Each structure stands twice: as structure tokens, then as C-alpha cells.
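Reviewing the structure listed below.
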Amino acid sequence: MTFPLWFNETIQKRLEAISLPMKQDDLIHSENIRFDEVFRSFMAGLDEEMKAQFLLLEELWVGLEGLEKESIYVQGMKDGAQLLLSLLHTDAT
């Protein structure tokens, strides 16, 4: 099933809207601080070549994880819309 452009744009705006409050969550914020401390300690023990390789790996990993999460969210929205349309169609007949 292909969804119209307005639906895809709405999904993207919703994804952006729920991302901001999630980043401001106290638990997530404290875990980010903890991660930053451990990360800095780890990076301090690496030479410049290893740092560059690790940062490239981290960048690729974070990008891939973001794409996977966005894909799961978008698919969930599409599945929900398709389910709703199916239920509405069933009630109309």
C-alpha cells in the first residue's frame, strides 16, 4: 500500500515532535551524562589513529541505529493506518 506524500510528511513531523521531549527526559538525560563521562575516559586512553577509527565507527553505528529506529516507527504508523482503514472499511460494509 502506497501512502500519499502528506501522510509521510505528517509521520516525519510527529517523529520530530516526540524526539524532543524524549531527549529532555530526566532518566535519558542522566544516562547521557554518564555515557559522556565514560566516553571521555575511554577516548583519553586512545592514540590519535585509534580515536579517528573509533569516531568513524561510532558515527556509522549511530547513523544506522537512527535509520533503523525511524524505519520501525514509520512502519508502525503505516501498519496502524492500514489497520484503521481496514476496520473502517469492515464497519462500512
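Note that the structure is predicted; figures quoted are calculated from it, not measured. What you see below is based on every heavy atom in this structure, not just the backbone, and it leaves out hydrogens, waters and symmetry mates.
Cluster membership for M50 and L57, using ILVMFWY side-chain heavy atoms within less than 4.5 angstrom, is not shared. Cluster annotation: I72 and L64 are assigned to distinct hydrophobic clusters (Ile/Leu/Val/Met/Phe/Trp/Tyr, side-chain heavy-atom contacts under 4.5 Å, transitive). The hydrophobic clustering, which links ILVMFWY residues whose side-chain heavy atoms are closer than 4.5 Å, places F7 and I18 together.
Ion pairing between E31 and R34 holds under the 4.0 Å rule for side-chain N and carboxylate O. The pair E16-K13 does not count as a salt bridge, with every side-chain nitrogen at least 4.0 angstrom from each carboxylate oxygen.
Atom OG of S41 sits about 12.5 Å away from atom CG of D36, to the nearest 0.5 Å. For the atom pair CZ (R14) and CE (M77), the distance works out to 7.5 Å, reported to the nearest 0.5 Å. The CG atom of L46 lies 8.5 Å from the CG atom of L55; values are rounded to the nearest 0.5 Å. In this structure, I11 CD1 and L15 CG are separated by 9.5 Å, a value rounded to the nearest 0.5 Å. Expressed to the nearest 0.5 Å, how far CZ of F54 lies from CZ of F39 amounts to 5.0 Å.
Counting heavy atoms from C-beta outward, K51 and D47 have side chains that stay 4.5 Å or more apart. Taking 4.5 Å as the limit, some side-chain heavy atom of K78 sits within range of a side-chain heavy atom of N8.
Residue pairs meeting the side-chain hydrogen bond (donor to acceptor under 3.5 Å, both in side chains) criterion with at least one partner in residues 53-76, sequence neighbours excluded, are Q75-D79.
More than 12 heavy atoms of other residues, nucleotides or ligands shown are found within 6.0 angstrom of CE on M43. More than 12 heavy atoms of other shown residues, nucleotides or ligands fall within 6.0 angstrom of atom CD in Q24.
The closest donor-acceptor contact from the side chain of T10 to the backbone of W6 lies under 3.5 Å.
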